[in-house]
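Below you'll find the structure, written out as structure tokens, and then a few comments.
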Amino acid sequence: YHRLFSSPISIARARTHLTRHVALTVAVHQAACLIRVPTEVVKTRSQTSSYGSTSSLGAARIVLANEGLRGFYRGFGVTVMREVRAHLEP
């Protein structure tokens, strides 16, 4: 440990590596959530009784009609933060 962080240059490299790692983790999970969140919204809405007994396609149509495209991304920010946090923990 002491040898790894013995010079200011090695500390700067470690910080750069960590910053790059965090930035890439955030970017990858944001991209994944662009697909995952709408899928989860439709799945959740079709499984609950809020739309009655309907298929996934029916639930997607109702979300689009009632809330527009924004409705598919409800909870996007929270989901991204949860995913990033889970993958950055040691």
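Hydrogens, waters and symmetry mates play no part in the numbers below; they use all other heavy atoms, side chains included. These figures come from a predicted structure and were not determined experimentally.
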### Query
Within a strict 4.5 Å, meaning less than it, do heavy atoms of the Glu83 and Val80 side chains meet?
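Not touching, per the 4.5 Å side-chain cut-off.
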### Message
In the structure I gave you, are the side-chain heavy atoms of Tyr73 and Val41 within less than 4.5 Å of one another anywhere?
### Response
no
### Leu69-Val42 co-clustered via ILVMFWY side chain contacts under 4.5 Å
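Shared cluster, yes.
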### Query
Between Val63 and Gly71, which heavy-atom pair has the shortest distance, and what is it?
CG1-C, 3.8 Å
#### Entry: Ser46 (side chain) donor-acceptor with Lys43 (main chain) under 3.5 angstrom
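Yes; judged by distance alone, with no hydrogens or angles, the pair exists.
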Taking distance alone, no hydrogens or angles, what donor-acceptor pairs closer than 3.5 Å link side-chain atoms of residues 28-37 to residues at least two apart or in another chain?
unit_1 : atom_1 : unit_2 : atom_2 : d
His29  : NE2    : His87  : ND1    : 3.4

### Electrostatic pair Glu67-Arg45, nearest N-O below 4.0 angstrom
yes
